[in-house]
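To keep things clear, I will list the structure first and then write my remarks on it.
One-based numbering, in listed order, for ligands and for the atoms of each.
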Amino acid sequence: MTARPFLKWTGGKQWLAPTLSPYLRPPPGRSYFEPFLGGGAMFFAVDPRRAVVSDANAELIAAYCGVRDSVERVIDGLESLKNNERTYNRLKRAVPESRVDRAVRLIYLNKTAFNGIYRVNGSGGFNVPFGNYANPTICQAERLRAASQALRGASLRTCDFGTAIRAARARDVVYFVCRPSGG
Ligand SMILES: C[S@@+](CC[C@H](N)C(=O)[O-])C[C@H]1O[C@@H](n2cnc3c(N)ncnc32)[C@H](O)[C@@H]1O
């Protein structure tokens, strides 16, 4: 299965990925950098052998690490969860420590929150209401396995984009989208 994003993420570039990704493959021995990873649409479309991918959102990066390193445990965790408000509220309040539990929490909330939005308040608490969707696909097992494979050659970092791209060298590829100010 070709790897694709396993999260709905605001501002994702799934629509742009088929057109742009063929031009973003790094030359042999060089790395692909994506410092605003989000849902990773471009990363999965490029499918680089070596990558440095990062985001300022620590929960997001912990989730990618959990999927990369322990995908079967993430799948088991997601399959054990029900789509109801009680489970949702429990996970919304939870502060798990392991990357596997952080991945399970983030993916579950992403699939069941209203509009799949990820939003936190000033103290870092997740504050999106329950989506109450009839039958959301909480665990996309094959998609998670494909993503885990694609992430195997990726170094994942929680950091600001400026810090992330300082490690880039000649002939590495760095991808991000700039929005014109005021636009
Ligand atoms: C629109 S998403 C990225 C979409 C993704 N590149 C794609 O192809 O689908 C933007 C991401 O940038 C992250 N972000 C915002 N400000 C940041 C910063 N200063 N440094 C690093 N990441 C940042 C957010 O946490 C969010 O996950």
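- At the shortest separation from atom 2 (S) of ligand 1 among protein heavy atoms lies T10 O, 3.8 Å.
- Contact annotation: L16 has no heavy atom less than 4.0 Å from any atom of ligand 1.
- Short contacts between ligand 1 and G11, defined as distances under 4.0 Å to a heavy atom of the residue, involve ligand atoms 1 (C), 4 (C).
- Protein heavy atom closest to atom 11 (C) of ligand 1, with residue, atom name and distance, is D55 OD2, 3.5 Å.
- Using a 4.0 Å cut-off to heavy atoms of P35, the atoms of ligand 1 that qualify are 21 (C), 22 (N).
- For ligand 1, the atoms sitting less than 4.0 Å from at least one non-hydrogen atom of G12 are 9 (O), numbered in the order shown with element in parentheses.
- Without hydrogens or angle criteria, D101 side chain to S98 main chain gives no donor-acceptor distance under 3.5 Å.
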Item to complete: With salt bridge (charged side-chain N to carboxylate O under 4.0 Å, His left out) as the test, would you mind laying out the steps for R102 and E97 before giving the verdict?
Response: CA-CA 7 Å; R102 288 163 84 183; E97 283 183 14; over 6 Å; no
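- Between F176 and P35 the shortest heavy-atom distance is CD2-CG, 3.7 Å.
- For atom 7 (C) of ligand 1, the nearest protein heavy atom (residue, atom name, distance) is K13 N, 3.6 Å.
- Remark: minimum distance from atom 5 (C) of ligand 1 to any protein heavy atom is reached at L37 O, 3.3 Å.
- Distance from atom 19 (N) of ligand 1 to its nearest protein heavy atom, with residue and atom name: D160 OD1, 2.8 Å.
- Taking only nitrogen or oxygen atoms, main chain and side chain alike, E34 reaches within less than 3.5 Å of ligand 1.
- Ring planes of F114 and Y133: parallel class, angle under 30° (limits at 30 and 60°).
- Looking at heavy atoms from C-beta onward, I165 lies out of side-chain contact with V52 at the 4.5 angstrom threshold.
- Counting protein heavy atoms only, atom 22 (N) of ligand 1 is closest to A56 N, 3.2 Å.
- Between F43 and P48, the closest side-chain pair of non-hydrogen atoms falls below 4.5 Å.
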Discussion item. Applying ring-ring contact (aromatic ring centres under 6.0 Å, His included) to F126 and Y118, what does each step give before you reach the verdict?
Written reply: CA-CA 7 Å; F126 188 77; Y118 187 92; 5.3 Å; yes
Practice prompt. Go through the steps to decide whether Y64 and F6 satisfy the test ring-ring contact (aromatic ring centres under 6.0 Å, His included), and finish with yes or no.
Written response: CA-CA 10 Å; Y64 279 114; F6 55 87; 5.3 Å; yes
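- A donor-acceptor distance shorter than 3.5 angstrom exists from the side chain of T112 to the backbone of Y108, with no hydrogens or angles considered.
- Residue-ligand proximity, W9 to ligand 1, at heavy-atom distances under 4.0 Å covers atoms 26 (C), 27 (O).
- Atoms of ligand 1 found under 4.0 Å from any heavy atom of M42, numbered from 1 in the order shown, are 8 (O).
- Between the side chain of R50 and the main chain of G29, a donor-acceptor pair closer than 3.5 Å is present.
- Of the protein's non-hydrogen atoms, the one nearest atom 23 (C) of ligand 1 is F36 CD2, 3.4 Å.
- Crowding of R145 atom CZ: a count of heavy atoms from other residues, nucleotides or ligands under 6.0 Å exceeding 12.
- With a 4.0 Å cut-off on non-hydrogen atoms, A17 does not touch ligand 1 at all.
- Judged by the shortest distance from any of its heavy atoms, S54 lies outside the 4.0 Å radius around the atoms of ligand 1.
- When hydrogens are left out, the protein atom nearest atom 20 (N) of ligand 1 is F161 N, 3.0 Å; that is the closest non-hydrogen contact.
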